[in-house]
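Below is one structure, written out as structure tokens; the observations come after it.
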There are 2 protein chains.
Amino acid sequence: MEKENTYYGVKEIARRANVSIATVDRVLHNRSGVSEKTKKKINDIIKELDYQPNILASRLASKKIISLAVLIPRVSEETDFWEAPMKGISRADSEIKKYGVQVTTFYFDLNDPATFNEQAAAILDGHFKGVLLAPSFIEESRMFVRACREKKVPFVFIDSDVPDEDNLCYIGPHLFQSGYVGAKLSTYRLKEKHKVAVVNISKETDSYNYLQIEEGFRSYFKDRSLPIEIIRIDIKDTDSLSVTRDLTRALHTHEDIEAIFVTNSRVFSVAAFLEKNKRSDISLIGYDYLKENIAYLNKELIDFLICHKPEEQGYRGLMALYQTLVLGAPVEKTHFMPIDIVTKENQAFYQN
Amino acid sequence: MEKENTYYGVKEIARRANVSIATVDRVLHNRSGVSEKTKKKINDIIKELDYQPNILASRLASKKIISLAVLIPRVSEETDFWEAPMKGISRADSEIKKYGVQVTTFYFDLNDPATFNEQAAAILDGHFKGVLLAPSFIEESRMFVRACREKKVPFVFIDSDVPDEDNLCYIGPHLFQSGYVGAKLSTYRLKEKHKVAVVNISKETDSYNYLQIEEGFRSYFKDRSLPIEIIRIDIKDTDSLSVTRDLTRALHTHEDIEAIFVTNSRVFSVAAFLEKNKRSDISLIGYDYLKENIAYLNKELIDFLICHKPEEQGYRGLMALYQTLVLGAPVEKTHFMPIDIVTKENQAFYQN
DNA sequence: TTTGATTTCGGGTACGTACCCGTAAATATA
DNA sequence: TATATTTACGGGTACGTACCCGAAATCAAA
């Protein structure tokens with residue numbers, strides 16, 4: 001059994017155009033040194049044959065390496081969420097390494113915007129051909145990507161978006177809709193239909209992301225005209241003691257809260273609080289497939305987790321850069337991740 | 001920027017062993033014509049250098065093609081579920097085609113086991129190097145894969161499993177757990193906690209698959225000691241009229257059914273029935289991301305759909321064969337798909 | 001028209017592996 | 001020992017593309 005020979009390569013194009021392979025190659029990579037006339041002739045034949053370069057041969061013959069930079073939060077004791085995107089990034093890396101792509105990862109501290117700026121500066125110095133980043137700090141990210149744009153370095157956002165910057169693409173959740181789903185799940189065990197709480201545990205409680213999620217959350221109740229009071233609880237300090245203190249105060253003020261929706265992965269700290277205070281009557285919904293969260297899911301202190309395939313985000317983010325820079329193929333500007341619902345029952349089979 | 005030269009290829013092996021590249025190649029493919037002594041020497045060097053063949057160069061140089069067969073149900077008017085796996089299969093196909101893999105697909109009729117046997121026979125005649133199949137008919141599938149095993153042709157099951165056959169791998173749902181999740185979702189709108197129905201619409205109502213799902217379903221209530229009566233409704237004829245007739249009878253006998261769990265993708269026909277009879281008070285849960293099902297999900301006649309990533313099943317199934325036959329890499333024997341929960345709110349972002 | 005500069009192009013080798021073909025060495029046979 | 005066979009191995013080309021280098025063709029200036 002032999003390969004079918006319906007494949008037309010540069011050789012056939014060269015033959016038909018009465019030129020050498022080298023000239024065809026020049027046109028394909030639009031390098032200089034080809035007259036307009038022959039360029040047109042060759043381009044016509046390329047179109048006619050619908051020429052698809054053999055990427056195997058191409059990468060094999062090429063000696064160039066393409067270096068990409070990744071800028072994401074460091075995994076801390078507080079949350080190991082970013083392990084998952086990192087895993088996806090590594091997977092993509094090992095897949096495309098053989099095609100001459102080299103990935104360098106830079107980490108910043110989620111509690112310190114200055115570290116973001118440091119690492120961003122390092123990337124700008126590093127002559128990278130593309131950047132993948134988590135724009136956790138909005139303003140800092142804006143500054144950085146503007147510098148990238150000036151250098152004509154394409155960049156990809158994952159996990160959260162920064163609107164109106166000219167990014168290559170965004171890969172992450174549809175935040176509004178995600179909050180909407182969170183609201184639906186919050187009603188699962190609602191009885192008296194009294195009060196639900198939106199808890200925001202983060203230094204940046206007013207970021208675009210959280211506002212989007214909360215808006216989606218509120219819209220669900222508005223759309224259904226459900227007479228439910230929504231209590232907003234902001235917890236700026238992310239350590240366990242602060243969380244306990246703030247929650248105690250909030251639950252004291254609002255005794256009849258029946259459900260709590262945590263807008264990020266730190267839902268486990270709320271679960272810990274509920275466990276300590278024996279408040280399994282309160283329904284708890286949060287984000288992300290973390291070990292701690294899953295543990296509380298299994299203890300039935302957390303009812304639902306919403307996940308957005310963080311590993312896939314990392315994988316696809318890197319692949320998007322690979323596609324544009326190596327394959328020269330177009331990528332979609334926005335790629336929304338699925339809004340996955342994880343419960344105690346299906347968690348064992350979840351693919352992060 | 002140049003590629004790092006830490007890579008050792010056949011050339012380096014040949015140099016170190018004082019032989020030619022051709023001899024190294026003979027050892028690598030354990031072809032004949034090499035003395036034991038030099039074979040050992042070369043093998044030692046291969047191990048020492050941890051030689052990884054450059055798959056790009058390998059496939060480029062090789063003229064061999066590897067042909068694979070796919071055996072799945074034809075898309076019928078009754079259900080277009082198999083469109084999704086087919087899509088995944090096509091995607092895998094176009095990805096690996098350039099590596100010299102050729103895929104031929106054979107379709108059978110879900111209502112006629114004889115067509116399965118016909119197509120299976122055709123595959124056995126076709127000298128394929130590997131087979132991907134949906135074992136919809138258990139006994140027929142057993143016969144077929146035994147013939148494959150005799151011919152040393154590896155085979156992969158998708159969507160449902162056939163226990164105790166020596167398959168290369170199974171890619172599909174954990175059926176028991178899937179039923180378990182279905183049970184949980186069935187309680188979402190339960191009020192009086194009376195009766196729930198398990199509806200099985202299929203020619204093969206006693207197949208291994210459905211039994212597994214139902215067992216999972218029942219286990220959920222048993223595990224929680226919920227005093228709920230489970231009504232089993234079997235509908236052997238899959239046309240709309242039969243479904244209407246059987247459901248009418250069943251709902252007449254059991255007036256207080258509050259939730260219906262359909263064990264496969266034909267849940268839309270139940271939804272149609274409920275819509276016609278204005279029974280939106282009955283909670284409905286079923287399977288699969290079909291256009292019709294999504295329509296009823298949006299009309300809120302279906303509450304939840306459980307999905308098992310059919311497209312990915314097709315993709316991964318073919319890739320598993322590719323991995324073993326082309327790359328010679330091992331694959332996991334069982335790959336359970338996630339048990340995805342699709343609602344009206346998150347359906348727009350679901351990845352089938 | 002000649003010279004020189006510039007543009008336009010082709011030959012040829014390399015990437016790492018597969019595999020054909022021919023031949024030297026080893027072994028068997030006369 | 002000479003010859004026939006077999007075994008063991010090397011040379012070399014091909015896969016489809018990238019890209020260097022040099023040369024022919026074209027153009028500009030004198």
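Please read these numbers as outputs of a predicted model, since none were measured by experiment.
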Margin query: Nearest to the B/S62 side chain among C/dT17, D/dA18, C/dA18, which nucleotide is it?
Written below: C/dA18
Note to self: If you apply the rule salt bridge (charged side-chain N to carboxylate O under 4.0 Å, His left out), what do you find for B/K87 with B/E83, and how did you get there?
What the structure shows: CA-CA 6 Å; B/K87 209 172 148 197; B/E83 252 178 41; over 6 Å; no
Notebook entry, point to check: Given atom CD1 of A/I46 and atom C1' of D/dT17, what is their separation to the nearest angstrom?
Noted result: 13 Å
Checklist line | Neighbour count >12 (heavy atoms, 6.0 Å) for atom CD, B/E48 | finding: yes
Check: How many Å lie between NZ on B/K64 and P on D/dC15, as a whole number?
Finding: 16 Å
Item checked: Nucleotide D/dA25, atom P - distance to NZ of A/K37 in whole Å -> 14 Å
Note to self: Is there a side-chain contact between B/T23 and the phosphate of D/dC9, meaning an N or O under 4.0 Å from OP1 or OP2?
What the structure shows: no
Notebook entry, point to check: OH of A/Y8 versus P of D/dT17: gap in Å, rounded?
Noted result: 14 Å
Next item on the list: Specify the separation, in whole Å, of atom CZ of A/R15 and atom P of C/dC9.
Entry: 19 Å
Notebook entry, point to check: For C/dT17, does either OP1 or OP2 sit under 4.0 Å from a side-chain N or O belonging to B/Y51?
Noted result: yes
Next item on the list: Would you indicate whether the side-chain heavy atoms of B/V24 and B/V19 approach each other to under 4.5 Å?
Entry: yes
Check: Nearest of C/dT17, C/dG11, D/dG16 to any side-chain atom of A/A22?
Finding: C/dG11
Notebook entry, point to check: Any side-chain hydrogen bond (donor to acceptor under 3.5 Å, both in side chains) pairs touching residues 33-47 of chain B, not counting sequence neighbours?
Noted result: B/S35-B/T38, B/K40-B/D44
Notebook entry, point to check: Can you find a side chain N or O atom of B/K11 that sits less than 4.0 Å from OP1 or OP2 on C/dC15?
Noted result: yes
Checklist line | Nucleotide nearest B/S58 when distance is taken to its side chain, options D/dC15, C/dA18, C/dG10 | finding: C/dA18
Note to self: By nearest atom, which of the nucleotides D/dG16, C/dC19, C/dT17 is closest to the B/P53 side chain?
What the structure shows: C/dT17
Next item on the list: Answer yes when B/E12 and B/R16 have at least one side-chain N-carboxylate O distance shorter than 4.0 Å, and no when they do not.
Entry: yes
Next item on the list: Compare every heavy atom of A/V101 with every heavy atom of A/D93, then report the nearest pair and how far apart it is.
Entry: OD1-O, 4.3 Å
Checklist line | Nearest listed nucleotide, side chain of B/A61, among D/dC19, D/dT17, C/dT17 | finding: C/dT17
Margin query: Of the listed nucleotides (D/dC9, C/dT17, D/dG16), which one gets closest to any side-chain atom of B/N54?
Written below: C/dT17
Note to self: Taking the six-membered ring for Trp, are B/H174 and A/F349 closer than 6.0 Å centroid to centroid?
What the structure shows: yes
Next item on the list: Return the orientation label for the B/F137 and B/F108 ring planes: parallel under 30°, perpendicular over 60°, tilted otherwise.
Entry: tilted
Note to self: Taking CG in B/D125 as the centre, count heavy atoms belonging to other residues, nucleotides or ligands within less than 6.0 Å. Is the count above 12?
What the structure shows: yes
Next item on the list: Rounded to the nearest angstrom, tell me the gap between atom CD1 in B/I21 and atom C1' in D/dT13.
Entry: 12 Å
Check: Roughly, in whole Å, what's the span from CG in B/L60 to C1' in C/dC19?
Finding: 14 Å
Notebook entry, point to check: Through what angle, rounded to 10 degrees, does the axis of the helix from C/dG4-D/dC27 to C/dA30-D/dT1 turn between its ends, using five pairs per end?
Noted result: 60°
Checklist line | Near-strand residues of residues 25-36 of chain B, defined as heavy-atom separation under 4.0 angstrom from DNA chain C | finding: B/D25, B/H29, B/R31
Next item on the list: Figure out the NZ/P separation between A/K40 and C/dT8, and round it to whole Å.
Entry: 17 Å
Check: Just by distance, do the side chain of B/S62 and the backbone of B/S58 share a donor-acceptor pair under 3.5 Å?
Finding: no
